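Here's the structure, in structure tokens; my notes come after.
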Protein chains: 2
Amino acid sequence: MALAGSEPAALPQYTPTTPAGRRVLDAASRLFYDRGINSVGMDLLAEEAGVTKKTIYDRFGSKEILVAAYLYRRDRYWREWLTGRLDPDAPAGERILATYDALDEWLHHENPRGCAMVNATVEITDPDHPGRAVVRSQKQWMRELYADMAREAGLDEPDAAGGTLLILGEGATTAFSSAGVEEAARLARDTAARLYGL
Amino acid sequence: MALAGSEPAALPQYTPTTPAGRRVLDAASRLFYDRGINSVGMDLLAEEAGVTKKTIYDRFGSKEILVAAYLYRRDRYWREWLTGRLDPDAPAGERILATYDALDEWLHHENPRGCAMVNATVEITDPDHPGRAVVRSQKQWMRELYADMAREAGLDEPDAAGGTLLILGEGATTAFSSAGVEEAARLARDTAARLYGL
DNA sequence: TGGTAACCACACCGGTCGGTATACTTGAGC
DNA sequence: GCTCAAGTATACCGACCGGTGTGGTTACCA
């Protein structure tokens, strides 16, 4: 299902095995998303996780890797959450529309600051940062997911349709989180439906 | 043309009158956009502007205000640039499509990191930051611009159409800068054209 | 001629940044 | 009983953060 090109290199550090390591990643996920990656220092993170800085560096090695682990885990969760909301027995057209229903729920419950991957590309300027590969892979996966569904639904030019459906999703997310358009995901859904007669 | 609700309070500090002040804002505009607001310190900024830190604080008072001035100036420039590319004698439908042509050029020339307003909301978490008002006003202005053109073009439910057209613009910008979709703005244009028969 | 605004250079402030070093404790497995 | 991994606590590092204070120079303007 998931193509090679949309799989980031999953370093062992990305999925901590010790209790303290998991607590660090839990706290990091919350803090990085809510306050921004660059606004969260390692001292604060250690305090919030109930852990010493030494432990963080023993488990993850650097903030860069911890950030990548945070993005990797969020990406996994998003893929699981989204696909879990797409009925595999439903027609492809319905599954396409369901992605926007899922997005609407995602944004209104717990994710008002939009897409963590997009936010990370804004905060991370270094092109060699390990987090960039995670972001790239999620966006590629989303585009391929849409293109596959478009193909299955028998749409003309399914690759272009995949790009358009991705744009609608990204646009709804940004319009919601940056422009305050509460109904953005619903608008995107209606647009996709009208556009392709779904 | 520009409505009251989409005009931010234009503090005097937002438009510097002295040569050194202008050099600071020039350097800030470049650095903040390219490297991110939080990644640019005042020492670096002073050096790049060929100015002492004292001068920056004499002119602007704080980094917060300088950031707001940077956003304010970019917003002004964007509004001017965009409206300059919309032929007032052309039918509204054509003007709608022209916004995506303008966006395509905007992104490919000098603005590969996407929308500075969106990027700022990611980096700024403080809800009282003066830059937030600037961002809010630009997004409101864009939405009203689209809704007005939709109304003039005789589209059904012009307010909803305005939201959808905004989503297409935001989506194209994000898909371009975060997902690497080079043809995003062109796809958004084609989508708007098909959607509303333009 | 004497203010005054707009700069310059430079030193300084407390606080935080990512990251490291040293030394100690706890608990499970051989 | 010993080892070893996973923790703890605490102190430290140089660099940088946003921001200030002092004192001097230049040029225009009343």
Side-chain angles (χ1 to χ4, degrees), chain A residues 11-29 31-32 34-71 120 122-126 128-132, chain B residues 11-29 31-32 34-71 120 122-126 128-132:
Chain A
L11 304 179
Q13 287 112 311
Y14 285 4
T15 47
T17 51
T18 69
R22 277 188 291 270
R23 254 151 57 216
V24 168
L25 194 49
D26 285 346
S29 297
L31 292 169
F32 285 161
D34 290 342
R35 307 194 195 184
I37 293 167
N38 292 331
S39 302
V40 175
M42 300 303 269
D43 292 271
L44 171 66
L45 179 57
E47 204 189 324
E48 291 280 314
V51 142
T52 58
K53 274 211 288 181
K54 182 82 166 41
T55 300
I56 300 183
Y57 281 91
D58 283 348
R59 291 301 132 245
F60 295 94
S62 73
K63 185 177 181 179
E64 268 199 356
I65 296 176
L66 177 60
V67 168
Y70 148 67
L71 293 171
V122 171
E123 291 207 82
I124 301 169
T125 41
D126 174 15
D128 297 326
H129 193 292
R132 289 207 161 259
Chain B
L11 303 181
Q13 288 112 311
Y14 286 4
T15 46
T17 51
T18 70
R22 277 188 292 269
R23 255 152 55 216
V24 168
L25 194 49
D26 285 346
S29 297
L31 292 169
F32 285 161
D34 290 341
R35 308 195 195 183
I37 293 167
N38 291 332
S39 301
V40 176
M42 299 303 270
D43 293 272
L44 172 66
L45 179 57
E47 203 189 325
E48 292 280 315
V51 141
T52 58
K53 274 211 287 180
K54 186 75 169 41
T55 299
I56 300 183
Y57 281 92
D58 283 348
R59 292 298 133 247
F60 294 94
S62 72
K63 184 176 183 179
E64 268 199 357
I65 296 175
L66 176 60
V67 168
Y70 147 67
L71 292 171
V122 171
E123 290 207 83
I124 301 169
T125 42
D126 175 15
D128 297 327
H129 193 292
R132 289 208 161 259

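Each chain gets a letter, A, B and so on, in the order the sequences are listed, and its residues count up from 1. Since the model is a prediction, treat every value here as computed from it, not as a measurement.
- For B/P19, the side-chain atoms get nearest to C/dC7 when compared with the rest of D/dT8, C/dC7, C/dG19.
- For B/K63, whose side chain is taken as the heavy atoms from C-beta onward, the closest listed nucleotide among C/dG18, C/dA9, D/dG18 is D/dG18.
- The side chain of A/R59 lies closest to D/dG7 when the candidates are C/dA9, D/dG7, C/dG19.
- Side-chain proximity of B/D43 to D/dG18, C/dA21, C/dA9: nearest is D/dG18.
- Considering only heavy atoms from C-beta on, A/V67 comes within 4.5 Å of A/I124 through its side chain.
- Atom-to-atom, CE of A/M42 to C1' of C/dC17 comes out at 11 Å; the value is rounded to the nearest Å.
- D/dC16 atom C1' lies 15 Å from atom CG of B/L45, rounded to whole Å.
- In this entry the distance linking CZ of A/R35 with P of C/dC17 reads 11 Å, nearest Å.
- Distance check, rounded to the nearest 0.5 Å: CD1 of B/I56 to CG of B/L45 gives 4.0 Å.
- The CD1-P distance, from A/I37 to C/dC17, rounds to 15 Å in whole Å.
- The backbone N or O of A/G50 lies less than 3.5 Å from a partner atom in the side chain of A/R23, making a donor-acceptor pair.
- Side chains of B/E48 and B/V40 form no contact here, defined as non-hydrogen atoms less than 4.5 Å apart.
- Considering only side-chain atoms of A/K53, the nucleotide from D/dG7, C/dG19, C/dC8 that sits closest is C/dG19.
- For the pair A/T55 and D/dT8, the criterion of a side-chain N or O lying under 4.0 Å from OP1 or OP2 is met.
- In this structure, A/E123 places its CD atom 12 Å from P of C/dG18, rounding to the nearest Å.
- Atom pair B/D126:CG and D/dG18:P shows a separation of 15 Å (rounding to whole Å applied).
- Taking 4.0 angstrom as the limit, B/R23 places a side-chain polar atom (N or O) nearer than this to OP1 or OP2 of C/dC8.
- Spacing between atom NZ of B/K54 and atom P of C/dA5 amounts to 13 Å, rounded to whole angstrom units.
- The side chain of A/A20 sits closest to D/dG7 out of D/dT22, D/dG7, C/dG19.
- Note on A/V40: only backbone sugar-phosphate atoms sit closer than 4.0 angstrom, heavy atoms only; bases stay farther off.
- A sub-4.0 Å separation between OP1 or OP2 of C/dA5 and a side-chain N or O of B/T18 is absent.
- The nearest whole Å value for the distance from the CG atom in B/D58 to the C1' atom in C/dT4 is 14 Å.
- Checked by atom type and distance alone, the side chain of A/N38 pairs as donor or acceptor with a backbone atom of A/E123 at under 3.5 Å.
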